[in-house]
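Shown next, in structure tokens, is the structure this report addresses.
The structure displayed is predicted, hence computed values, not measured ones. The figures that follow rest on heavy atoms only: side chains count, while hydrogens, waters and symmetry mates do not.
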Amino acid sequence: ILNCTEKTNGQLCEAVIKWERCVEHLRRRAEHTAETYNEEMANRILNTTCKTAMEQNLIPDREALMTRIGNMIKFPNNTWSEKKPEWELPKTYFDT
């Protein structure tokens, strides 16, 4: 196989078309990320994280971590509440 990007009739292969769309999407996302997380934003995130760590405002132990994770699952914020039906398994999923 010398050229697998084109069909015998000269049209581009569907996989190549999908690949090019994927690459273009990733380029747009990279540009958006570069605009959103510029150096100023990165410094702000770093300073906030550092401040939190320095103030000892961390989860004290495993039990507190498990409680916080459980609360996030049981009582999700608005964004996750809207997305919950997309990822939630049906109640009968594990029934045999």
Side-chain angles (χ1 to χ4, degrees):
I1 299 175
L2 297 176
N3 185 1
C4 62
T5 61
E6 294 181 359
K7 298 179 185 179
T8 54
N9 63 4
Q11 292 180 336
L12 283 178
C13 176
E14 188 66 29
V16 172
I17 294 169
K18 288 180 181 179
W19 178 259
E20 288 174 351
R21 281 190 296 210
C22 179
V23 168
E24 183 57 33
H25 169 75
L26 292 174
R27 284 190 180 129
R28 285 194 308 269
R29 294 298 301 161
E31 290 171 5
H32 174 72
T33 301
E35 292 170 5
T36 303
Y37 295 100
N38 55 22
E39 190 171 341
E40 178 185 336
M41 176 68 95
N43 286 334
R44 193 177 82 193
I45 292 170
L46 178 63
N47 290 338
T48 303
T49 306
C50 183
K51 180 181 176 189
T52 301
M54 297 302 287
E55 291 176 353
Q56 304 286 326
N57 189 11
L58 305 173
I59 299 171
D61 56 19
R62 183 180 174 85
E63 185 177 334
L65 174 63
M66 298 295 283
T67 301
R68 288 185 62 180
I69 292 171
N71 286 339
M72 284 187 273
I73 292 170
K74 288 181 183 177
F75 311 107
N77 63 23
N78 290 337
T79 303
W80 281 105
S81 293
E82 293 169 4
K83 293 183 179 196
K84 188 175 180 181
E86 296 175 22
W87 54 264
E88 189 172 44
L89 294 174
K91 293 181 190 277
T92 59
Y93 184 80
F94 292 105
D95 292 350
T96 54

How many angstroms lie between atom [atom1] of [X] and atom [atom2] of [Y], to the nearest 0.5 angstrom?
X   : Y   : atom1 : atom2 : result
T33 : N38 : OG1   : CG    : 11.5 Å
W80 : I73 : CH2   : CD1   : 11.0 Å
N71 : K74 : CG    : NZ    : 7.0 Å

Checking [X] now: which residues fulfil side chain to side chain contact (heavy atoms under 4.5 Å, CB included) with it, not counting sequence neighbours?
X   : answer
E88 : K84
R27 : V23, E24
T79 : N77, K83

Item to complete: Please indicate whether R29 has more than 12 foreign heavy atoms, meaning atoms of other residues, nucleotides or ligands, lying under 6.0 Å from its CZ.
Response: no

Discussion item. Using a 6.0 Å cut-off, check whether atom CE of M66 has over 12 heavy atoms from anything other than its own residue.
Written reply: no

Worksheet entry | Closest heavy-atom pair and its distance - S81, P76 |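 It is OG-O, 3.3 Å.
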
Worksheet entry | Nearest heavy-atom neighbours spanning T5 and V16 |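 Heavy atoms only, the tightest pair is CA-CG2, 3.7 Å.
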
